[in-house]
Structure formats: C-alpha cells, structure tokens
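Here's the structure, in structure tokens; my notes come after.
Predicted model only: the values in this text are computed from it and were never measured. Order of listing sets the numbers, starting from 1, for every ligand and every atom in it. Index from 1, following the sequence.
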Amino acid sequence: MLEILVASNNSHKIDEFKSYFSKYQVKVYSLKDLNIDIDVDEIGLTFKENAFLKADALRKLTDKVIISDDSGLEIKSLDNFPGIYSSRFMFNSPYSEKFIKINEMLGESKSRECRFNSTLCVINLLKEPIYFVGYAYGEILKEPRGNSSFGYDPIFYSIEAKKSFAELDIEDKNKVSHRGKAIKKLIEFMEDNDLLYEI
Ligand code: IMP
C-alpha cells in the first residue's frame, strides 16, 4: 500500500485527494493524522515555489510520499489578484466580506474572467520533486451562490460545470476543478510509470 501525506489540514483539500485516490492501493494521510504541527511561511513568489516550500518542510519528518498543493484564484483584469495571496487577502475577515471587496474592485466595467490554479509538488516519489498544474476557468459572480463554504467557491462560476463551485457536490467539483485536473495529471503519470495500482 502506497502511503501519501497530503501537506495540508484543509479538510476540503484532503477530501478531494481522498476521493481521487479511493480506487487505488493508496492510503492518504493529513498532517493531523500524523500529529504533525507545522506552519510554513509561504515566502515564494509563485504557486510552484510555495508548493515546494510546503512539501520540503516535511521531508525530514516522513518517508511517505509527500504531496503539497498551492492554489488560488486569479482574476485576469486584476493582474491575477489575489493569486498566491488568496488565503492571506483580508486574512481576518470572513469570505463574505472578501466577496464584497472583490466585487467593489471589479465594479461594473472590469472583466470577470478568472481561473483557479492548483500547483502540486510531489516529493519522495522520484529523486527530484515533480510538479503538476491544473486550471479551472470561470467568471466572478456578483452574488455568492451555493452551499459549500470553501474559500471562493460561492463566487466562482465554472464555465465547464455551468454552476458555481459551491453548487457542486465533491464528485462533480472534482471533474472540473483545478485540483482535480492537477491530481488527474499526477495519477496518469503514476499509472504510466507503474507507481500506482487499482484496488
Ligand atoms: P493555500 O492553502 O495556501 O494553497 O491557499 C489556497 C487558497 O486559495 C484557499 O485558502 C482559498 O482561499 C483559495 N482556493 C484554492 N482552491 C480553492 C477551491 O477549490 N475553492 C475555493 N477557494 C479555493
């Protein structure tokens, strides 16, 4: 059984990974599962740099395969803001206030075109770290829609799903989400290289 540590305590992210690997001979652990309490300063300037920092910080603590994900929302007309700052932007405010702020920044005239980026860094699988990137394309909604409470899901209208991410259940979100696409690339790579087996 391949053991994978997902370098996150975000239950939404962990659930997405678990759902993807469920049909394989893989056990997915969160940091909490392994009693690892670590806070990595995301001082990188790109998703790739931050994903590496998150995975590398765990290298000394485990021999398991480590997968980190750095992700965020990029709004084209705001020069890809909030991007790598997606979780830190208005850090102490609820997402409902972030949605209002973003809508103020866009006003009536700026383009609402946006995408989610998920960049995975995988360590301890090959000698060198490897990376997989997935995008989900969408538009910023003026009003939040749906029940999921994860980050920007309620104001992200997915062009592929024709619904906000918060209106999708986890299986449907996985089919079109940035993380789903990046994980799919990783799984394809692992299958092609005989690193992954179905149950
Ligand atoms: P990270 O955990 O440092 O990668 O920060 C990612 C941040 O980007 C999250 O805290 C959310 O604000 C946002 N984000 C990333 N993926 C999603 C998603 O699937 N839905 C909603 N927000 C997301």
Side-chain angles (χ1 to χ4, degrees), residues 5-20 30-32 36-58 66-75 78 80-103 105 112 114-122 131-141 144-161 163-184 186:
L5 169 60
V6 175
S8 176
N9 275 324
N10 182 321
S11 60
H12 300 276
K13 282 191 187 181
I14 303 286
D15 286 347
E16 286 188 36
F17 278 97
K18 282 194 172 153
S19 155
Y20 252 94
S30 69
L31 294 174
K32 217 176 276 167
I36 297 175
D37 187 10
I38 194 168
D39 202 14
V40 178
D41 277 338
E42 295 185 25
I43 53 169
L45 295 177
T46 60
F47 290 110
K48 191 174 170 185
E49 283 172 8
N50 282 334
F52 174 76
L53 291 173
K54 287 186 210 180
D56 189 52
L58 296 164
I66 302 163
I67 305 180
S68 64
D69 152 88
D70 199 49
S71 49
L73 176 67
E74 300 183 307
I75 304 173
L78 301 180
N80 285 340
F81 181 83
I84 58 166
Y85 304 103
S86 293
S87 55
R88 287 168 277 173
F89 160 58
M90 295 175 63
F91 186 66
N92 288 317
S93 307
Y95 272 86
S96 54
E97 284 175 25
K98 299 191 196 194
F99 301 162
I100 291 169
K101 183 71 193 166
I102 284 177
N103 265 298
M105 291 166 86
R112 296 181 164 263
C114 62
R115 69 182 183 189
F116 271 122
N117 177 325
S118 164
T119 300
L120 306 182
C121 174
V122 185
Y131 298 88
F132 300 88
V133 181
Y135 294 110
Y137 293 90
E139 282 168 13
I140 300 294
L141 290 166
R145 278 189 214 163
N147 295 322
S148 146
S149 57
F150 180 23
Y152 299 91
D153 273 357
I155 55 160
F156 182 85
Y157 177 83
S158 160
I159 289 170
E160 234 176 302
K163 283 185 182 170
S164 89
F165 266 3
E167 292 175 304
L168 302 175
D169 61 32
I170 185 155
E171 278 80 27
D172 287 336
K173 183 177 168 187
N174 275 348
K175 284 183 199 146
V176 293
S177 85
H178 46 312
R179 207 160 9 261
K181 287 181 178 152
I183 298 172
K184 220 183 269 174
L186 163 64

List ligand 1 atoms under 4.0 Å from [X], heavy atoms only on the residue side.
X: Lys13; value: 1 (P), 2 (O), 4 (O)
X: Lys173; value: 18 (C), 19 (O), 20 (N)
X: Gly151; value: 21 (C), 22 (N)
X: Asp69; value: 4 (O)
X: Asp153; value: 18 (C), 19 (O), 20 (N), 21 (C)
X: Glu42; value: 3 (O)

* Pair Asp15 + Lys18: basic N to acidic O under 4.0 Å ->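 Here Asp15 does not pair with Lys18 in a salt bridge, since their nearest N and O are not under 4.0 Å apart.
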* To do: Determine, for Lys173 against Glu16, whether the closest basic-nitrogen to carboxylate-oxygen distance falls under 4.0 angstrom.
  =>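 Yes, Lys173 and Glu16 are salt-bridged.
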For [atom], what's the nearest protein heavy atom and its distance?
atom: atom 18 (C) of ligand 1; answer: Phe150 CE2, 3.3 Å
atom: atom 22 (N) of ligand 1; answer: Tyr152 N, 3.1 Å
atom: atom 16 (N) of ligand 1; answer: His178 NE2, 3.0 Å

* Mind checking whether His12 and Phe150 have parallel, tilted or perpendicular rings, split at 30° and 60°? ->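 It falls in the parallel class, under 30°.
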* **Parallel, tilted or perpendicular: rings of His178 and Phe116 (30°, 60°)** =>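 Ring orientation of Phe116 relative to His178: parallel.
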Does ligand 1 have an atom that lies less than 4.0 angstrom from a heavy atom of [X]?
X: Leu73; result: no
X: Ser177; result: no
X: Phe165; result: no
X: Asp70; result: yes
X: Lys54; result: yes

Of the side chain and backbone of [X], name the one, both, or neither that has a heavy atom under 4.0 Å from an atom of ligand 1.
X: Lys98; result: neither
X: Phe116; result: side chain
X: Tyr95; result: side chain

* To do: Could you pull out all residues at least two apart from Lys184 that satisfy salt bridge (Lys or Arg N to Asp or Glu O under 4.0 Å)?
  =>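 Lys184 satisfies salt bridge (Lys or Arg N to Asp or Glu O under 4.0 Å) with no residue once adjacent residues are dropped.
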Qualifying residue for side-chain contact (heavy atoms from CB on, under 4.5 Å) with [X], from [options]:
X: Asp69; options: Val6, Ile183, Leu120; result: Leu120
X: Lys54; options: Ser8, Cys121, Ser68; result: Ser68
X: Lys163; options: Asp172, Val176, Leu168; result: Leu168

* To which of Ser71, Ala166, Ser87, Ser118 does the heavy atom nearest atom 6 (C) of ligand 1 belong? ->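 Comparing heavy atoms across Ser71, Ala166, Ser87, Ser118, the nearest one to atom 6 (C) of ligand 1 lies in Ser71.
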* **Short side-chain to backbone donor-acceptor contact, Asn80 and Gly83, under 3.5 Å** =>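 Checking the backbone N and O of Gly83 against the side chain of Asn80, no donor-acceptor pair under 3.5 Å is found.
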* Looking only at N/O atoms, are Glu16 and ligand 1 under 3.5 Å apart anywhere? ->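 No, since none of the N or O atoms of Glu16 sits under 3.5 Å from an N or O of ligand 1.
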* Side chains of Thr119 and Asn117: donor-acceptor distance under 3.5 Å anywhere? ->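 Checked: Thr119/Asn117 side chains pair up, N/O donor to acceptor below 3.5 Å.
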* **Asn147 atom CG, neighbour heavy-atom count above 12 within 6.0 Å** =>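 For Asn147, atom CG is not crowded (no more than 12 foreign heavy atoms under 6.0 Å).
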Side chains of residues 91-102: which donor-acceptor pairs under 3.5 Å do they make with residues two or more places apart or in other chains?
unit_1 : atom_1 : unit_2 : atom_2 : d
Lys98  : NZ     : Phe89  : O      : 3.0

